[in-house]
> 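First, the structure itself, so that you have it in front of you.
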There are 2 protein chains.
Amino acid sequence: MERRQNLEHTSLLVLSLLSREDMYGYQMITEIQKKLDSSFTMKEGTLYPILKKLEASEAVESYEQPVPGGRIRKYYHLTAAGRQLLRREEEAWHTYEKSINQILKCESGGILPEGS
Amino acid sequence: MERRQNLEHTSLLVLSLLSREDMYGYQMITEIQKKLDSSFTMKEGTLYPILKKLEASEAVESYEQPVPGGRIRKYYHLTAAGRQLLRREEEAWHTYEKSINQILKCESGGILPEGS
DNA sequence: TCCTTATACCTTGACACTCGATGTATATCT
DNA sequence: AGATATACATCGAGTGTCAAGGTATAAGGA
């Protein structure tokens with residue numbers, strides 16, 4: 001019954017975050033939480049498999065960095081291929097977005113001229 | 001490798017289409033194709049299960065209507081509950097849309113003030 | 001006549017994605 | 001000592017998508 005969040009464009013978000021700076025997984029989660037203020041959350045069970053997949057396809061590279069405290073962070077860096085992928089996914093997202101809105105806008109106002 | 005289309009907001013689209021007029025399944029598919037010009041397609045294997053689910057949850061009602069040719073069409077009609085569902089799904093969609101764009105817009109232009 | 005295409009319905013099974021739950025480990029705070 | 005925060009990761013149930021297949025009628029072409 002619970003509405004599953006279904007991000008679906010998760011890899012787009014990950015790539016976009018990494019386009020600004022190298023980040024580690026936990027950081028991406030908290031960043032998104034901060035930015036979106038709980039309108040949705042990126043779950044660990046969603047994120048980590050995606051990072052793996054992106055690394056396997058060489059869209060990102062990772063390196064570990066010890067933190068003074070003693071823990072180790074695994075940073076991810078966007079590759080050139082990843083940047084291209086980002087462009088493509090972004091475009092796909094906007095197409096998708098427009099398509100949905102195109103259908104919705106016909107809703108009750110109705111019959112709009114389909115020309116310019 | 002093939003990018004699966006992943007409509008994900010399919011039921012929203014179905015509800016939206018039905019908010020204007022009663023429609024039958026095949027018609028929804030062709031309508032969307034017409035409106036969106038192949039930017040994506042609603043597949044039968046996706047649509048029919050959703051119509052079933054919407055009917056089971058009483059968001060839509062169906063009735064059959066014979067066509068002069070001899071075939072029978074199964075029309076779907078949006079109920080009051082369905083209209084409410086549409087409002088909710090629409091709102092969820094816009095929240096989702098904004099969230100994604102919120103992340104994307106920070107991309108390269110960077111550091112926007114987070115206040116109003 | 002047969003074959004293809006279009007209309008119109010529907011199901012199945014493989015695959016993909018999400019996420020709650022669970023597990024590891026360290027550091028800090030109470 | 002126990003809870004919380006940081007930081008990594010996996011698993012399995014549930015759900016959604018879609019190619020493929022199936023049924024059936026009608027029209028158009030070879």
Side-chain angles (χ1 to χ4, degrees), chain A residues 1-15 17 22-34 38-57 60 62-76 89 92-93 96 99-100, chain B residues 1-15 22-34 38 40-57 60 62-76 89 92-93 96 99-100:
Chain A
M1 280 309 108
E2 251 317 287
R3 183 113 188 106
R4 210 159 94 277
Q5 225 181 73
N6 213 339
L7 271 184
E8 194 250 333
H9 294 94
T10 317
S11 64
L12 168 61
L13 292 187
V14 170
L15 293 169
L17 285 172
D22 292 3
M23 291 177 81
Y24 55 99
Y26 193 81
Q27 186 185 8
M28 296 181 201
I29 290 169
T30 51
E31 277 289 300
I32 285 183
Q33 203 116 47
K34 246 193 299 175
S38 81
S39 80
F40 65 54
T41 323
M42 171 106 71
K43 308 305 187 315
E44 299 192 327
T46 305
L47 176 62
Y48 288 113
I50 281 177
L51 286 171
K52 268 210 156 183
K53 219 187 66 180
L54 288 175
E55 189 166 19
S57 68
V60 304
S62 71
Y63 55 96
E64 300 197 341
Q65 211 165 67
V67 193
R71 283 188 227 88
I72 287 180
R73 285 177 186 157
K74 195 165 168 186
Y75 279 88
Y76 290 88
E89 298 233 320
W93 157 251
Y96 178 78
S99 295
I100 301 279
Chain B
M1 283 304 108
E2 249 319 289
R3 184 112 189 105
R4 215 162 87 275
Q5 228 183 73
N6 212 342
L7 271 183
E8 193 249 336
H9 294 95
T10 318
S11 64
L12 169 60
L13 293 187
V14 170
L15 292 169
D22 293 2
M23 288 177 81
Y24 53 99
Y26 192 82
Q27 185 186 8
M28 297 181 200
I29 289 167
T30 52
E31 278 288 302
I32 286 182
Q33 202 115 45
K34 248 193 297 174
S38 80
F40 65 52
T41 323
M42 172 105 71
K43 307 305 186 315
E44 299 193 329
T46 304
L47 176 62
Y48 287 114
I50 281 177
L51 286 173
K52 269 211 157 181
K53 220 186 65 180
L54 288 175
E55 189 166 19
S57 67
V60 304
S62 71
Y63 55 93
E64 300 197 341
Q65 211 167 66
V67 192
R71 283 186 228 89
I72 287 181
R73 286 176 185 157
K74 195 166 168 185
Y75 278 88
Y76 290 88
E89 298 234 319
W93 157 250
Y96 179 77
S99 295
I100 302 277

> So what does B:Gln27 hit on the nucleic acid, given a heavy-atom distance under 4.0 Å: a base, only sugar-phosphate, or nothing?
nothing
> Are A:Lys74 and A:Leu51 close enough that some pair of their side-chain heavy atoms sits under 4.5 Å apart?
no
> With B:Tyr76 as reference, evaluate B:Met23, B:Gln27, B:Glu55 under the side chain to side chain contact (heavy atoms under 4.5 Å, CB included) test and give the passing residue.
B:Glu55
> Calculate the interatomic distance between B:Met42 atom CE and D:dC18 atom C1'; express it in whole Å.
13 Å
> Does the base of C:dA8 carry an N or O that pairs as donor and acceptor with the side chain of B:Glu44 under 3.5 Å?
no
> Nearest whole Å is fine: how far is C:dA16 P from A:Ile50 CD1?
13 Å
> Just to be sure I understand the rule, does A:Arg71 reach a base, reach only the sugar-phosphate, or reach nothing, if contact means heavy atoms closer than 4.0 Å?
base
> Rounded to whole angstrom units, what separation is found between the CD atom of A:Glu31 and the P atom of D:dA7?
12 Å
> Is the shortest side-chain heavy-atom distance between B:Ile32 and B:Thr41 below 4.5 Å?
no
> Do B:Leu13 and B:Phe40 come within less than 4.5 Å of each other through their side chains, counting heavy atoms only?
yes
> What is the distance, to the nearest angstrom, from the OH atom on B:Tyr26 to the P atom on D:dT23?
19 Å
> Locate the shortest heavy-atom distance separating B:Glu89 from B:Leu12; write the atom from each residue and the value.
OE1-N, 3.3 Å
> Five pairs at each end of the helix from C:dT1-D:dA30 to C:dT30-D:dA1: take the axis at both ends and give me the angle between them to 10°.
10°
> Relative to each other, are the rings of B:His9 and B:Tyr96 parallel, tilted or perpendicular (30° and 60° limits)?
tilted
> Below 4.0 angstrom from OP1 or OP2 of D:dT10, is there any side-chain N or O of A:Lys52?
yes
> Please state how far atom CG in A:Leu47 lies from atom P in C:dA21, giving the value in whole angstrom units.
19 Å
> Of the options D:dA7, C:dC9, C:dT18, whose atoms approach the side-chain atoms of B:Tyr48 most closely?
C:dC9
> Has B:Lys74 got a side-chain N or O lying under 4.0 Å from the OP1 or OP2 atom of C:dC10?
yes
> Report the nucleotide, chosen from D:dA19, D:dA7, C:dC19, that has the shortest atom-to-atom distance to any side-chain atom of B:Lys43.
D:dA19
